[in-house]
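I have placed the structure first, in the form of C-alpha coordinates, so that the comments after it can refer back to it.
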2 protein chains.
Amino acid sequence: MNERAAGAEWIDAGLRALREDGLEAVRVERLAKALGKTKGSFYWHFADRPALLTALAEAWRARATGAVIDEVEAGGGDAADKLRRLFAITLAADGRLERAMRDWAARDAGVAAIVAAVDARRHGYVADRLVEAGVAPATAQWRSRFLYLAIIGRFAAAPAPMSAEEARAMIAAIAPLLGGER
Amino acid sequence: MNERAAGAEWIDAGLRALREDGLEAVRVERLAKALGKTKGSFYWHFADRPALLTALAEAWRARATGAVIDEVEAGGGDAADKLRRLFAITLAADGRLERAMRDWAARDAGVAAIVAAVDARRHGYVADRLVEAGVAPATAQWRSRFLYLAIIGRFAAAPAPMSAEEARAMIAAIAPLLGGER
DNA sequence: CGGTCTCCATACGGTTGCGTATGGAGACAA
DNA sequence: TTGTCTCCATACGCAACCGTATGGAGACCG
(Lines give C-alpha, C1' and ligand atoms only; values in the text may rest on other atoms or scores of the structure.)
Protein backbone atom coordinates (compact mmCIF):
# COMPACT_ATOMS: atom_id res chain seq x y z
CA MET A 1 0.00 0.00 0.00
CA ASN A 2 1.13 3.50 -0.73
CA GLU A 3 2.93 4.94 2.29
CA ARG A 4 1.83 8.43 1.39
CA ALA A 5 -1.81 7.39 1.33
CA ALA A 6 -1.52 5.30 4.48
CA GLY A 7 -4.29 7.03 6.39
CA ALA A 8 -5.79 8.87 3.43
CA GLU A 9 -9.30 7.56 3.89
CA TRP A 10 -9.22 8.51 7.56
CA ILE A 11 -8.18 12.01 6.60
CA ASP A 12 -10.93 12.24 4.01
CA ALA A 13 -13.50 11.05 6.52
CA GLY A 14 -12.11 13.48 9.08
CA LEU A 15 -12.36 16.43 6.73
CA ARG A 16 -15.91 15.43 5.87
CA ALA A 17 -16.92 15.29 9.52
CA LEU A 18 -15.12 18.56 10.17
CA ARG A 19 -16.92 20.29 7.32
CA GLU A 20 -20.35 18.95 8.13
CA ASP A 21 -20.42 18.92 11.91
CA GLY A 22 -17.37 20.73 13.18
CA LEU A 23 -14.30 19.71 15.11
CA GLU A 24 -16.22 18.08 17.91
CA ALA A 25 -17.59 15.60 15.40
CA VAL A 26 -14.14 14.35 14.49
CA ARG A 27 -14.17 11.34 16.77
CA VAL A 28 -12.29 8.16 16.01
CA GLU A 29 -15.17 5.78 16.62
CA ARG A 30 -17.50 7.86 14.48
CA LEU A 31 -15.03 7.93 11.62
CA ALA A 32 -14.48 4.21 11.98
CA LYS A 33 -18.19 3.60 11.68
CA ALA A 34 -18.37 5.83 8.60
CA LEU A 35 -15.57 3.84 7.03
CA GLY A 36 -16.96 0.46 8.02
CA LYS A 37 -13.94 -0.28 10.19
CA THR A 38 -13.10 -0.14 13.88
CA LYS A 39 -10.80 1.78 16.18
CA GLY A 40 -8.19 -0.91 15.81
CA SER A 41 -7.61 0.26 12.26
CA PHE A 42 -7.37 3.89 13.26
CA TYR A 43 -4.73 3.34 15.91
CA TRP A 44 -2.67 1.43 13.46
CA HIS A 45 -2.50 4.44 11.12
CA PHE A 46 -2.34 7.20 13.75
CA ALA A 47 -0.75 7.43 17.16
CA ASP A 48 -3.79 9.13 18.63
CA ARG A 49 -6.56 11.60 17.86
CA PRO A 50 -4.29 14.66 17.96
CA ALA A 51 -2.14 13.03 15.28
CA LEU A 52 -5.17 12.84 13.00
CA LEU A 53 -6.09 16.44 13.77
CA THR A 54 -2.61 17.59 12.82
CA ALA A 55 -2.89 15.67 9.58
CA LEU A 56 -6.30 17.24 8.92
CA ALA A 57 -4.96 20.76 9.38
CA GLU A 58 -2.06 19.97 7.08
CA ALA A 59 -4.35 18.47 4.46
CA TRP A 60 -6.52 21.58 4.58
CA ARG A 61 -3.49 23.81 4.13
CA ALA A 62 -2.39 21.81 1.13
CA ARG A 63 -5.66 22.03 -0.72
CA ALA A 64 -6.79 25.47 0.47
CA THR A 65 -3.69 27.43 -0.34
CA GLY A 66 -3.76 27.78 -4.05
CA ALA A 67 -6.80 26.07 -5.48
CA VAL A 68 -9.05 29.09 -5.96
CA ILE A 69 -6.20 31.33 -7.02
CA ASP A 70 -5.20 28.84 -9.69
CA GLU A 71 -8.75 28.69 -10.96
CA VAL A 72 -8.97 32.48 -11.09
CA GLU A 73 -5.67 32.81 -12.90
CA ALA A 74 -6.61 30.13 -15.41
CA GLY A 75 -9.45 32.33 -16.62
CA GLY A 76 -7.11 35.06 -17.80
CA GLY A 77 -8.17 38.67 -18.32
CA ASP A 78 -6.94 41.79 -16.57
CA ALA A 79 -6.67 42.35 -12.84
CA ALA A 80 -10.24 43.59 -12.45
CA ASP A 81 -11.53 40.56 -14.34
CA LYS A 82 -9.62 38.29 -12.01
CA LEU A 83 -10.99 40.01 -8.93
CA ARG A 84 -14.52 39.74 -10.21
CA ARG A 85 -13.98 36.07 -10.97
CA LEU A 86 -12.47 35.55 -7.54
CA PHE A 87 -15.61 36.88 -5.91
CA ALA A 88 -17.91 35.01 -8.24
CA ILE A 89 -16.26 31.80 -7.14
CA THR A 90 -15.90 32.46 -3.44
CA LEU A 91 -19.29 34.02 -2.88
CA ALA A 92 -20.95 30.95 -4.37
CA ALA A 93 -18.66 28.43 -2.65
CA ASP A 94 -19.35 26.07 0.20
CA GLY A 95 -17.65 27.70 3.16
CA ARG A 96 -18.38 25.14 5.83
CA LEU A 97 -14.89 23.73 6.00
CA GLU A 98 -13.41 27.21 6.08
CA ARG A 99 -15.67 28.17 8.95
CA ALA A 100 -14.83 25.04 10.89
CA MET A 101 -11.12 25.67 10.38
CA ARG A 102 -11.39 29.22 11.67
CA ASP A 103 -13.38 28.21 14.71
CA TRP A 104 -10.77 25.58 15.38
CA ALA A 105 -7.97 28.09 14.88
CA ALA A 106 -9.47 30.26 17.57
CA ARG A 107 -8.62 27.59 20.13
CA ASP A 108 -5.46 26.02 18.74
CA ALA A 109 -2.30 28.02 18.16
CA GLY A 110 -0.89 25.58 15.64
CA VAL A 111 -4.00 25.67 13.50
CA ALA A 112 -4.12 29.43 13.88
CA ALA A 113 -0.65 29.62 12.36
CA ILE A 114 -1.72 27.51 9.39
CA VAL A 115 -4.83 29.57 8.79
CA ALA A 116 -2.80 32.77 9.10
CA ALA A 117 -0.36 31.52 6.47
CA VAL A 118 -3.15 30.67 4.05
CA ASP A 119 -4.78 34.03 4.72
CA ALA A 120 -1.54 35.87 4.05
CA ARG A 121 -1.18 34.18 0.70
CA ARG A 122 -4.73 34.89 -0.39
CA HIS A 123 -4.77 38.42 0.94
CA GLY A 124 -1.53 39.09 -0.87
CA TYR A 125 -3.06 37.88 -4.10
CA VAL A 126 -5.95 40.32 -3.79
CA ALA A 127 -3.63 43.18 -2.87
CA ASP A 128 -1.42 42.50 -5.87
CA ARG A 129 -4.41 42.50 -8.22
CA LEU A 130 -5.60 45.83 -6.85
CA VAL A 131 -2.20 47.41 -7.41
CA GLU A 132 -2.14 45.91 -10.88
CA ALA A 133 -5.52 47.54 -11.48
CA GLY A 134 -4.09 50.93 -10.62
CA VAL A 135 -4.92 51.31 -6.95
CA ALA A 136 -2.28 53.05 -4.85
CA PRO A 137 -0.31 50.43 -2.90
CA ALA A 138 -1.12 51.93 0.51
CA THR A 139 -4.82 51.96 -0.27
CA ALA A 140 -4.65 48.54 -1.89
CA GLN A 141 -3.16 47.05 1.24
CA TRP A 142 -6.13 47.98 3.39
CA ARG A 143 -8.78 47.62 0.74
CA SER A 144 -7.65 44.09 -0.06
CA ARG A 145 -7.83 43.21 3.59
CA PHE A 146 -11.38 44.44 3.67
CA LEU A 147 -12.30 42.52 0.56
CA TYR A 148 -10.78 39.38 1.96
CA LEU A 149 -12.64 39.87 5.23
CA ALA A 150 -15.88 39.88 3.26
CA ILE A 151 -14.96 36.53 1.74
CA ILE A 152 -14.30 35.12 5.17
CA GLY A 153 -17.58 36.58 6.29
CA ARG A 154 -19.34 34.81 3.49
CA PHE A 155 -17.80 31.55 4.64
CA ALA A 156 -18.73 32.16 8.24
CA ALA A 157 -22.29 33.22 7.52
CA ALA A 158 -24.75 30.47 8.22
CA PRO A 159 -26.99 30.94 5.16
CA ALA A 160 -26.43 28.87 2.07
CA PRO A 161 -23.95 29.92 -0.60
CA MET A 162 -25.10 32.59 -3.02
CA SER A 163 -26.31 31.80 -6.51
CA ALA A 164 -24.32 32.96 -9.52
CA GLU A 165 -26.78 35.77 -10.18
CA GLU A 166 -26.67 36.97 -6.59
CA ALA A 167 -22.89 36.96 -6.71
CA ARG A 168 -22.99 39.03 -9.90
CA ALA A 169 -25.32 41.57 -8.32
CA MET A 170 -23.10 41.89 -5.27
CA ILE A 171 -19.97 42.27 -7.37
CA ALA A 172 -21.65 45.02 -9.37
CA ALA A 173 -22.57 46.79 -6.15
CA ILE A 174 -18.96 46.95 -5.01
CA ALA A 175 -17.49 47.78 -8.40
CA PRO A 176 -15.97 51.06 -7.12
CA LEU A 177 -13.57 49.02 -5.04
CA LEU A 178 -12.34 46.67 -7.72
CA GLY A 179 -10.62 49.09 -10.04
CA GLY A 180 -11.02 48.43 -13.74
CA GLU A 181 -13.53 50.78 -15.36
CA ARG A 182 -14.44 53.71 -13.20
CA MET B 1 -34.26 36.43 45.08
CA ASN B 2 -35.05 38.05 41.77
CA GLU B 3 -36.96 35.60 39.60
CA ARG B 4 -35.66 37.22 36.43
CA ALA B 5 -32.09 36.80 37.55
CA ALA B 6 -32.63 33.27 38.81
CA GLY B 7 -29.89 31.65 36.75
CA ALA B 8 -28.18 34.84 35.69
CA GLU B 9 -24.75 33.92 36.93
CA TRP B 10 -24.96 30.59 35.14
CA ILE B 11 -25.81 32.41 31.94
CA ASP B 12 -22.94 34.83 32.42
CA ALA B 13 -20.55 31.98 33.03
CA GLY B 14 -21.96 30.15 30.03
CA LEU B 15 -21.48 33.12 27.73
CA ARG B 16 -17.94 33.54 29.00
CA ALA B 17 -17.09 29.90 28.29
CA LEU B 18 -18.78 30.15 24.91
CA ARG B 19 -16.79 33.25 24.00
CA GLU B 20 -13.46 31.95 25.18
CA ASP B 21 -13.56 28.27 24.30
CA GLY B 22 -16.60 27.63 22.16
CA LEU B 23 -19.78 25.68 22.60
CA GLU B 24 -18.06 22.47 23.55
CA ALA B 25 -16.67 24.25 26.61
CA VAL B 26 -20.13 24.99 27.94
CA ARG B 27 -20.31 22.05 30.32
CA VAL B 28 -22.25 22.13 33.53
CA GLU B 29 -19.52 20.81 35.77
CA ARG B 30 -17.02 23.26 34.32
CA LEU B 31 -19.34 26.20 34.87
CA ALA B 32 -20.07 24.99 38.38
CA LYS B 33 -16.36 24.93 39.13
CA ALA B 34 -15.96 28.44 37.73
CA LEU B 35 -18.78 29.63 39.97
CA GLY B 36 -17.53 27.78 43.03
CA LYS B 37 -20.68 25.66 43.15
CA THR B 38 -21.69 22.17 42.12
CA LYS B 39 -24.03 20.53 39.64
CA GLY B 40 -26.73 20.38 42.29
CA SER B 41 -27.10 24.10 41.97
CA PHE B 42 -27.23 24.04 38.20
CA TYR B 43 -30.01 21.48 38.02
CA TRP B 44 -32.06 23.51 40.43
CA HIS B 45 -32.00 26.49 38.05
CA PHE B 46 -32.15 24.63 34.73
CA ALA B 47 -33.88 21.46 33.65
CA ASP B 48 -30.84 20.28 31.72
CA ARG B 49 -27.96 21.47 29.59
CA PRO B 50 -30.10 22.22 26.53
CA ALA B 51 -32.18 24.55 28.69
CA LEU B 52 -29.08 26.55 29.49
CA LEU B 53 -28.04 26.62 25.87
CA THR B 54 -31.42 27.98 24.87
CA ALA B 55 -31.08 30.66 27.52
CA LEU B 56 -27.61 31.50 26.25
CA ALA B 57 -28.82 31.96 22.70
CA GLU B 58 -31.65 34.15 23.93
CA ALA B 59 -29.30 36.20 26.08
CA TRP B 60 -27.02 36.75 23.11
CA ARG B 61 -29.93 37.85 20.96
CA ALA B 62 -31.00 40.34 23.60
CA ARG B 63 -27.64 42.01 23.92
CA ALA B 64 -26.43 41.64 20.34
CA THR B 65 -29.43 43.03 18.56
CA GLY B 66 -29.21 46.73 19.13
CA ALA B 67 -26.19 47.53 21.25
CA VAL B 68 -23.81 48.64 18.52
CA ILE B 69 -26.53 50.34 16.52
CA ASP B 70 -27.55 52.36 19.56
CA GLU B 71 -23.96 53.40 20.12
CA VAL B 72 -23.58 54.43 16.49
CA GLU B 73 -26.80 56.41 16.51
CA ALA B 74 -25.88 58.13 19.75
CA GLY B 75 -22.93 59.73 18.00
CA GLY B 76 -25.11 61.65 15.56
CA GLY B 77 -23.88 62.98 12.22
CA ASP B 78 -25.05 62.07 8.74
CA ALA B 79 -25.44 58.62 7.27
CA ALA B 80 -21.84 58.38 6.08
CA ASP B 81 -20.60 59.44 9.50
CA LYS B 82 -22.65 56.70 11.08
CA LEU B 83 -21.33 54.08 8.71
CA ARG B 84 -17.77 55.10 9.40
CA ARG B 85 -18.44 54.97 13.11
CA LEU B 86 -20.09 51.58 12.74
CA PHE B 87 -16.96 50.19 11.14
CA ALA B 88 -14.66 51.90 13.59
CA ILE B 89 -16.49 50.12 16.39
CA THR B 90 -16.95 46.71 14.84
CA LEU B 91 -13.50 46.40 13.29
CA ALA B 92 -11.94 47.01 16.69
CA ALA B 93 -14.38 44.84 18.63
CA ASP B 94 -13.86 41.45 20.22
CA GLY B 95 -15.63 39.07 17.86
CA ARG B 96 -15.09 35.81 19.70
CA LEU B 97 -18.64 35.46 20.92
CA GLU B 98 -19.98 36.31 17.48
CA ARG B 99 -17.82 33.65 15.92
CA ALA B 100 -18.86 31.05 18.47
CA MET B 101 -22.52 31.87 17.87
CA ARG B 102 -22.15 31.45 14.12
CA ASP B 103 -20.32 28.19 14.43
CA TRP B 104 -23.06 27.02 16.74
CA ALA B 105 -25.73 28.24 14.35
CA ALA B 106 -24.25 26.07 11.64
CA ARG B 107 -25.32 23.01 13.60
CA ASP B 108 -28.50 24.13 15.37
CA ALA B 109 -31.53 25.34 13.46
CA GLY B 110 -32.94 27.27 16.40
CA VAL B 111 -29.73 29.19 16.91
CA ALA B 112 -29.47 29.73 13.17
CA ALA B 113 -32.86 31.43 13.25
CA ILE B 114 -31.77 33.74 16.05
CA VAL B 115 -28.55 34.66 14.28
CA ALA B 116 -30.47 35.22 11.06
CA ALA B 117 -32.85 37.60 12.82
CA VAL B 118 -29.99 39.60 14.33
CA ASP B 119 -28.26 39.68 10.95
CA ALA B 120 -31.38 40.93 9.23
CA ARG B 121 -31.71 43.77 11.69
CA ARG B 122 -28.09 44.85 11.38
CA HIS B 123 -27.94 44.41 7.62
CA GLY B 124 -31.11 46.48 7.32
CA TYR B 125 -29.51 49.23 9.33
CA VAL B 126 -26.53 49.40 6.98
CA ALA B 127 -28.76 49.31 3.91
CA ASP B 128 -30.89 52.15 5.24
CA ARG B 129 -27.84 54.30 5.90
CA LEU B 130 -26.55 53.72 2.39
CA VAL B 131 -29.86 54.79 0.89
CA GLU B 132 -29.86 57.77 3.19
CA ALA B 133 -26.40 58.61 1.87
CA GLY B 134 -27.72 58.67 -1.66
CA VAL B 135 -26.99 55.17 -2.92
CA ALA B 136 -29.63 53.68 -5.21
CA PRO B 137 -31.76 51.23 -3.22
CA ALA B 138 -31.03 48.28 -5.49
CA THR B 139 -27.30 48.87 -5.21
CA ALA B 140 -27.57 49.60 -1.49
CA GLN B 141 -29.21 46.27 -0.87
CA TRP B 142 -26.28 44.30 -2.21
CA ARG B 143 -23.57 46.67 -1.13
CA SER B 144 -24.81 46.62 2.45
CA ARG B 145 -24.78 42.87 2.43
CA PHE B 146 -21.20 42.93 1.31
CA LEU B 147 -20.24 45.46 3.98
CA TYR B 148 -21.94 43.38 6.63
CA LEU B 149 -20.18 40.26 5.41
CA ALA B 150 -16.88 42.02 5.99
CA ILE B 151 -17.87 42.73 9.57
CA ILE B 152 -18.72 39.08 10.09
CA GLY B 153 -15.42 38.22 8.49
CA ARG B 154 -13.62 40.43 10.96
CA PHE B 155 -15.34 38.57 13.78
CA ALA B 156 -14.49 35.18 12.33
CA ALA B 157 -10.87 36.01 11.61
CA ALA B 158 -8.55 34.55 14.19
CA PRO B 159 -6.19 37.50 14.66
CA ALA B 160 -6.78 40.03 17.38
CA PRO B 161 -9.10 42.99 16.90
CA MET B 162 -7.77 45.91 14.90
CA SER B 163 -6.47 49.04 16.56
CA ALA B 164 -8.33 52.32 16.10
CA GLU B 165 -5.72 53.56 13.62
CA GLU B 166 -5.91 50.39 11.57
CA ALA B 167 -9.67 50.65 11.49
CA ARG B 168 -9.38 54.24 10.28
CA ALA B 169 -7.00 53.25 7.52
CA MET B 170 -9.29 50.48 6.36
CA ILE B 171 -12.35 52.72 6.40
CA ALA B 172 -10.49 55.26 4.30
CA ALA B 173 -9.59 52.54 1.82
CA ILE B 174 -13.22 51.62 1.26
CA ALA B 175 -14.55 55.17 1.23
CA PRO B 176 -15.98 54.79 -2.30
CA LEU B 177 -18.52 52.36 -0.91
CA LEU B 178 -19.75 54.43 1.98
CA GLY B 179 -21.32 57.31 0.10
CA GLY B 180 -20.94 60.86 1.34
CA GLU B 181 -18.00 62.14 -0.76
CA ARG B 182 -14.81 62.20 1.14
C1' DC C 1 -40.30 26.48 68.17
C1' DG C 2 -42.01 23.65 64.24
C1' DG C 3 -42.82 24.10 59.25
C1' DT C 4 -41.62 25.21 54.75
C1' DC C 5 -39.24 27.15 50.91
C1' DT C 6 -34.87 28.20 48.52
C1' DC C 7 -30.49 27.01 47.14
C1' DC C 8 -26.84 23.93 47.10
C1' DA C 9 -23.66 19.55 48.18
C1' DT C 10 -22.93 14.67 47.77
C1' DA C 11 -23.39 10.33 45.87
C1' DC C 12 -24.78 7.27 42.25
C1' DG C 13 -25.75 5.06 37.63
C1' DG C 14 -25.32 5.35 32.78
C1' DT C 15 -23.21 6.81 28.44
C1' DT C 16 -19.52 8.16 25.43
C1' DG C 17 -15.09 8.52 23.89
C1' DC C 18 -9.94 7.61 24.31
C1' DG C 19 -6.11 4.64 24.24
C1' DT C 20 -4.06 -0.12 24.87
C1' DA C 21 -3.56 -5.07 24.57
C1' DT C 22 -4.04 -8.93 22.04
C1' DG C 23 -5.01 -11.90 18.45
C1' DG C 24 -6.41 -13.17 13.76
C1' DA C 25 -6.73 -13.18 8.64
C1' DG C 26 -4.49 -12.59 4.37
C1' DA C 27 -0.44 -11.62 1.39
C1' DC C 28 4.03 -12.86 0.40
C1' DA C 29 8.65 -14.65 0.84
C1' DA C 30 11.99 -18.32 2.02
C1' DT D 1 5.01 -25.15 5.37
C1' DT D 2 6.60 -21.71 8.22
C1' DG D 3 7.65 -17.07 9.23
C1' DT D 4 6.68 -12.30 8.85
C1' DC D 5 4.47 -8.11 7.72
C1' DT D 6 0.24 -5.42 7.10
C1' DC D 7 -4.18 -4.23 8.38
C1' DC D 8 -8.01 -4.75 11.22
C1' DA D 9 -11.46 -6.71 15.10
C1' DT D 10 -12.47 -7.43 19.90
C1' DA D 11 -12.18 -6.56 24.60
C1' DC D 12 -10.78 -3.91 28.46
C1' DG D 13 -9.71 -0.02 31.73
C1' DC D 14 -10.22 4.77 32.43
C1' DA D 15 -11.87 9.51 32.46
C1' DA D 16 -15.28 13.04 31.48
C1' DC D 17 -20.11 14.32 31.45
C1' DC D 18 -24.97 14.01 32.03
C1' DG D 19 -28.96 13.68 34.81
C1' DT D 20 -31.23 11.98 39.23
C1' DA D 21 -31.90 11.15 44.08
C1' DT D 22 -31.47 12.68 48.47
C1' DG D 23 -30.42 15.40 52.26
C1' DG D 24 -28.85 19.58 54.63
C1' DA D 25 -28.26 24.52 55.86
C1' DG D 26 -30.27 28.89 56.20
C1' DA D 27 -34.10 32.24 55.79
C1' DC D 28 -38.66 33.45 56.81
C1' DC D 29 -43.32 32.49 58.62
C1' DG D 30 -46.66 31.10 61.67
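Throughout, protein chains are lettered first and strands after them, A, B, ... in sequence-line order, and every chain is numbered starting at 1.
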Residues at least two apart in sequence or cross-chain that pass side-chain contact (heavy atoms from CB on, under 4.5 Å) with A:K82, listed by chain then number, are A:V72, A:E73, A:R85, A:Y125, A:R129

Does the A:R154 side chain pair with the main chain of A:A93, one donor and one acceptor, at a distance under 3.5 Å?
-> yes

Quick one: A:W44 CH2 to C:dT20 P, roughly how many Å, whole number?
-> 16 Å

Which of parallel (below 30°), tilted (30 to 60°) and perpendicular (above 60°) describes B:H123 and B:Y148?
-> tilted

All salt bridge (Lys or Arg N to Asp or Glu O under 4.0 Å) counterparts of A:E166, not counting sequence neighbours | none

Go through the structure and list residues passing salt bridge (Lys or Arg N to Asp or Glu O under 4.0 Å) with A:D119, not counting sequence neighbours.
-> A:R102

Check whether any side-chain nitrogen or oxygen of A:H45 sits under 4.0 Å from OP1 or OP2 of D:dT6, and answer yes or no.
-> no

For atom CG of B:L35 and atom P of C:dC7, their distance in whole Å = 15 Å

Taking only residues two or more places apart in sequence or in another chain, which ones pass salt bridge (Lys or Arg N to Asp or Glu O under 4.0 Å) with A:E24?
-> B:R107

Do side-chain atoms of A:R19 reach the backbone of A:R96 as a donor and acceptor pair under 3.5 angstrom?
-> no

When you check every protein heavy atom under 4.0 Å of nucleotides 9-24 of chain D, what one-letter string (B, S, -) results, 5' to 3'?
-> BBB-----BBBB----

Pairing of B:E20 and B:R30 as salt bridge, 4.0 angstrom limit = no

Pick out the pairs of N or O atoms, protein on one side and nucleotides 25-28 of chain D on the other, that lie under 3.5 Å.
none

